[in-house]
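Reading through the structure tokens given below for one structure.
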Amino acid sequence: MSKDKVQIFDTTLRDGEQVPGCKLDAEQKLEIAERLDDLGVDILEAGFPRSSPGDFNSVVEISKLVKNATVCGLTRAVEKDIEVAAEALTHAKKPRIHTGIGTSDSHIKYKFNSNRDAIIERAIAAVRYAKTFVEDVEFYAEDAGRTDNEFLAKVCEAVIKAGATVLNIPDTTGYCLPEEYGAKMKYLKENVTGVHKAVLSCHCHNDLGLATANSIAGVVNGARQIECTINGIGERAGNTSLEEVVMIMRQHPGLGLDTNINSKLLYSTSQMVSQKMGVMVQSNKAIVGANAFAHSSGIHQDGVIKNRETYEIIDPADVGVNESSIVLTARSGRAALAYRAKIVGYELTKLQLDTVYNEFLKFADIKKEVLDTDIHDIISATDVAIEKIG
Ligand code: KIV
Ligand code: ZN
């Protein structure tokens, strides 16, 4: 079955970099941009050029460097922002301006002290102006997650008429439920005149831990772009995690959706971003966490040793992790101990294993994790003579 392509719009260097204390220097940004291009992201949001001279220069240098991806610069619906972004993107092979404005009643009233009609006018003007510089213009309706669908459809229709090529529907505050976000995309697909002329895009924040689920609900309901970051980093609780949405589509062929991402580079890219930003990846993080392919309970270890697929839905090699690990703890069983003992050079008979296992449990109750080097000490502590093989 041929699959529909979902464009991956990476915003690690823009929304991701908004994490407090994670500012990257120009060189670090370039290294990450090069890696994202190799990873196969379709669009790379390089920064918000008007926000600072540093961001402007990064967008310029990234535009020169990137070979394959579209390079995108963020703006507000403000002429000067758009001019500065266009200038920063001059060297990009495929430039995109990402402009927009808040559309929820809360943003209209409190941020802009304005009204719906005036907001639509500003949205149209921003897209038209951006179109005078580049062909590819993405419009974001900030806080679309809390914007009433009828008004949102009106905004979308107006900006498509003005030339927008992509419609970003951000759940800026991470408020939506997956069903609700999916229904929003479906509503726009069915009610916006001219919607076929633009790509609908998901941009979900993780305040309730639903960013990934919401993005998937979005593409199931017709969106064809997901905005995401490596390790899900970003404002507050973060953005949609790139590695999660990519692997969900790959592991569920029934969705009929796929991306251009080379998944074998996911783990190393995650490590690279974590090290450069100084943000640890939580050990139980899906796909790229240290424990994502580690098994420590006896029942699971026994299953994985017999056949990896009993407790693993992803082959670690597919995301660039060398192998699953069998971690020895006090919860481990004989199968895991025999397995690791063999790796370090001991082929234990059933009788020997019983004796060594009793010694192992005493040791494991004291130490949280039993390492390969500890296995020699455990075996020496027993009164049975066990020859090392190899
Ligand atoms: O979350 C959001 O609404 C954004 C926009 C600026 C695209 O990041
Ligand atoms: Zn955002």
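Only heavy atoms go into these numbers, but all of them, side chains included; no hydrogens, no water, no symmetry mates. Predicted model only: the values in this text are computed from it and were never measured. Whatever order the structure lists ligands and atoms in, that order sets their numbers, starting from 1. Positions are given from 1, in the same order as the sequence printed here.
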Can a salt bridge be assigned to the pair [X] and [Y] using a cut-off of 4.0 Å between side-chain N and carboxylate O?
X    : Y    : value
K94  : D136 : no
R50  : E83  : no
E61  : K64  : yes
D377 : K367 : no

Ligand 1 versus [X], non-hydrogen atoms closer than 4.0 Å: side chain, backbone, both, neither?
X    : answer
T172 : both
E235 : neither
R14  : side chain
H203 : side chain
N168 : side chain

Output the list of atoms in ligand 1 that are nearer than 4.0 Å to some heavy atom of [X], sorted by atom number.
X    : result
P170 : 2 (C), 3 (O)
E142 : 3 (O)
H205 : 1 (O)

Check: How wide is the angle at the Zn ion (ligand 2) between OD2 of D15 and NE2 of H203, to the nearest 10°?
Finding: 90°

Under 3.5 Å between any N/O of [X] and any N/O of ligand 1: does that happen in this structure?
X    : value
E227 : no
D143 : no
D15  : yes

Next item on the list: Can you spot which of T103, I160, I101 makes a side chain to side chain contact (heavy atoms under 4.5 Å, CB included) with V155?
Entry: T103

Next item on the list: Give the name of the N/O/S atom in H205 that lies closest to the Zn ion (ligand 2).
Entry: NE2

Looking at [X], I'd like to know if its [atom1] atom is crowded, meaning that more than 12 non-hydrogen atoms belonging to other residues, nucleotides or ligands lie closer than 6.0 Å.
X    : atom1 : value
D25  : CG    : yes
Y311 : OH    : yes
E179 : CD    : no
R331 : CZ    : no

